[in-house]
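Step one of this worksheet: look at the structure below.
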Amino acid sequence: MIKSPRGTRDLLPPDTALWNFVETAVRDVFRAYNFHEIRTPIFESTELFARGVGEETDVVMKEMFTWEDRGRAESDRGQSLTLRPENTAGVVRAYIEHKLWDRGLNKLFYIGPQFRRERPQKGRYRQFYQIGAEVIGPAAAGSQSPARDAEILELLATLLDRVGITQWTLELNSVGSPADRAKFNDTLRQALAPAVEKMCADCQRRAITNPLRVFDCKVPEDQPIIETLPTITQFLNDDSRAHFEAVKQILNAVSIPYVENPRLVRGLDYYTHTAFEFTHGALGAQNAILGGGRYDGLSEALGGPPAPGIGFAIGEDRLVLSLTASAESVLRKPDAYIAPLGAGMNREAARLARELRRHDLVIDLGDESFRLKKSFETADKMRARYILIVGENEVAANAFSLKHLASGEQVTVPRAELAQQILRK
RNA sequence: GUGGGAGUAGCUCAAUCGGUAGAGCAUCGGACUGUGGCUCCGACGGUUGCGGGUUCAAUUCCCGUCUCCCACCCCA
């Protein structure tokens, strides 16, 4: 049997109702904040991710699905292509390609699949879905304003509340400018040097390759050493500091709770200033439900003009996992199930179904060969509100037996009044 | 990519010391020819993930492999 490839899965009804519930709610929220949808290709030039995400990151070095195009045209052949591992690079590429700076400030959102060649785990797939947004534009259009950071964070709080996730924590930090980070990294290496021998094997490696990640260490014995390390907060320049303060003040003004986490670092190279994560307790080791931050230098890194930006990406798979609502509860059930009864009744049933569906009713129907008992069982199973019986008696009278399945009440309703009756309850 | 656990009917799970696989639910049919979630009866459903090995005999023991789960690396 051919199975779906490792780390991929089929989303089936009724679960897809839950996904649609999330996506519909998310679109509503984006609309309220005047964000508009962008759809970028699912694959791009490998170079885009190498330059945009960072040549040295794990994502680019070992987690991408990459292949060589073998098109007929000389210009296509040998082009290295990659399934997008994230969507920010693609959005910024589109920003540059279509000169979107001419539109002033762009407030864009996307919903779609991303791909990483990782070892699968719960809530972590090789084809996974992200809901994200980017605010990007010339500095003169306000793209650099702390008001944009705060607006994004407030939007996210609204969004999570809206889908019924209330147990979230917003962790906030500033990672400063690239220069701030370089200084901090040097200091960190020096601070680690005398103690590193006593630390776990992972930390010994991190101390050399990526000192920032030492903060993520969960080994209890290492914590006393980590406590003594400097934090990036002390290395922020005046601009970064002022920006961070302004963001926090707006959050206070709109009553969005947050905790400052000076150890929160971001893995991708392009982040500057504000960095944040929303976590949810019930998710185990993979407790981050979304993350994001500011990336003021990304456009230039991709060959574009200066274009400060801030964005986030929600792991939709994990978001759906942490939902308390059940798929069953958000599934729209049929308003009525039509049971044609006896030879020739399919035609009349089809006519009725068509009439009722015009009234925005959800109608399903069976077949004239079904015994009435079977039709009732089918209607019950799909949780239809009403069953509508279409038999010879009904057709002769042009009035139909309509039974409310939950209460058992049955009435005979003239054809012209059927929709009204069904809409009633 | 590393370490550990698990794979038996569509789903959830049994199967004693190694003796050729069973239940509940689901599906379909009947009891019941125009009135339902109940009840009873019956049917359908299996390469025990896949491949190899040991054995008279393997769901069971061994090896390999695939997939999922947990943790790590990393990240949303």
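In what follows, every heavy atom counts, from backbone to side chain, and hydrogens, waters and symmetry copies are set aside. Sequence lines set the chain letters: A, B, ... in the order given, protein chains first and strands last, and positions in each chain run from 1.
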Problem - Parallel, tilted or perpendicular: rings of Phe235(A) and Phe184(A) (30°, 60°) - result: tilted

Practice task
Compare side-chain N and O positions of Arg371(A) against OP1 and OP2 of rG30(B) and report whether any pair is under 4.0 Å apart.
Solution key: yes

Problem - Exam field: side chain Asn173(A) to backbone Leu264(A), donor-acceptor pair closer than 3.5 Å - result: yes

Problem - Residue closer to the 5' end of RNA chain B, Thr8(A) versus Ile314(A) (nearest nucleotide) - result: Thr8(A)

Fill in the blank from the handout: Checking rC28(B), rA76(B), rG37(B) against the side chain of Gln130(A) (C-beta onward), the nearest is rA76(B)

Exercise for the section: Indicate, with a heavy-atom threshold strictly under 4.0 Å, whether Gln410(A) touches base, sugar-phosphate, or nothing. Expected result: base

Handout entry: Separation of atom CG in Asp10(A) from atom C1' in rC11(B), rounded to whole Å
Key = 16 Å

Problem - P-based separation of rC11(B) from rC68(B) [nearest Å] - result: 16 Å

Exercise for the section: Would you please confirm or rule out a distance under 4.0 Å between OP1 or OP2 of rU33(B) and any side-chain N or O of Lys373(A)? Expected result: no

Handout entry: Pairwise P distance for rU60(B) and rC44(B), with rounding to whole Å
Key = 27 Å

Handout entry: Whole-angstrom distance between rG37(B) and rU27(B), as gauged at atom C1'
Key = 16 Å

Handout entry: Near-ring test Phe109(A)/Phe30(A), centroid separation under 6.0 angstrom
Key = yes

Practice task
Starting at atom CD of Glu118(A), determine the distance to atom P of rU2(B), rounded to an integer number of angstrom.
Solution key: 15 Å

Problem - Rounded distance in Å between the P positions of rA43(B) and rC56(B) - result: 38 Å

Exercise for the section: Let me know the distance between CD of Glu277(A) and C1' of rC75(B), rounded to the nearest Å. Expected result: 9 Å

Handout entry: Asn393(A) side-chain proximity, nearest of rC74(B), rC69(B), rG34(B)
Key = rG34(B)

Practice task
Indicate whether OP1 or OP2 belonging to rC68(B) is found under 4.0 Å from a side-chain N or O atom of Gln121(A).
Solution key: no

Practice task
Select one nucleotide: of rC69(B), rU27(B), rA76(B), the one nearest the side-chain heavy atoms of Arg116(A).
Solution key: rA76(B)

Handout entry: Rounded distance in Å between the C1' positions of rG49(B) and rG36(B)
Key = 40 Å

Practice task
Under a 3.5 Å limit for both distances, which nucleotide forms a Watson-Crick or G-U wobble pair with rC75(B), could you say?
Solution key: none

Exercise for the section: Quickly work out the Tyr337(A) OH to rG34(B) P distance and round it to whole Å. Expected result: 15 Å

Practice task
Figure out the CZ/C1' separation between Phe370(A) and rU35(B), and round it to whole Å.
Solution key: 16 Å

Completion exercise
Checking N1-N3 plus N6-O4 or O6-N4 for Watson-Crick, or N1-O2 and O6-N3 for wobble, each under 3.5 Å, the partner of rG36(B) is none

Problem - Counter-base of rG24(B), judged by Watson-Crick or G-U geometry with both distances under 3.5 Å - result: rC11(B)

Exercise for the section: Return no unless some side-chain N or O of Arg119(A) is found under 4.0 Å from OP1 or OP2 of rC70(B). Expected result: no

Handout entry: Cation over ring face, Arg9(A) and Tyr125(A), 6.0 Å, 45°
Key = yes

Practice task
Please work out whether the ring planes of Phe115(A) and Phe65(A) are parallel, tilted or perpendicular, with thresholds of 30° and 60°.
Solution key: perpendicular

Practice task
Would you mind reading off the distance between Glu63(A) atom CD and rA76(B) atom C1', rounded to a whole angstrom?
Solution key: 12 Å

Problem - Lys374(A) to Phe376(A) six-membered ring, cation-pi geometry met (6.0 Å, 45°) - result: no

Handout entry: Closest-nucleotide 5' rank along RNA chain B - winner of Gly292(A) and Ile389(A)
Key = Ile389(A)

Practice task
Mind checking Gly132(A) for me? I need base, sugar-phosphate or nothing, with any heavy atom below 4.0 Å counting as a touch.
Solution key: nothing

Exercise for the section: Ignoring hydrogens and angles, answer whether the base of rG34(B) and the side-chain atoms of Glu392(A) contain a donor-acceptor pair closer than 3.5 Å. Expected result: no

Fill in the blank from the handout: Testing rC75(B), rG34(B), rG36(B) for proximity to the side chain of Leu405(A), the answer is rG36(B)

Exercise for the section: Could you check how far CZ of Arg318(A) sits from P of rC75(B), rounded to whole Å? Expected result: 12 Å

Problem - Whole-Å gap separating P (rG1(B)) and CZ (Arg126(A)) - result: 7 Å

Handout entry: Euclidean distance for C1', rC17(B) against rC61(B) (whole angstrom)
Key = 13 Å

Problem - Span that lies between the P atom of rU48(B) and that of rG22(B), in whole angstrom - result: 13 Å

Problem - Euclidean distance for C1', rC13(B) against rG64(B) (whole angstrom) - result: 28 Å

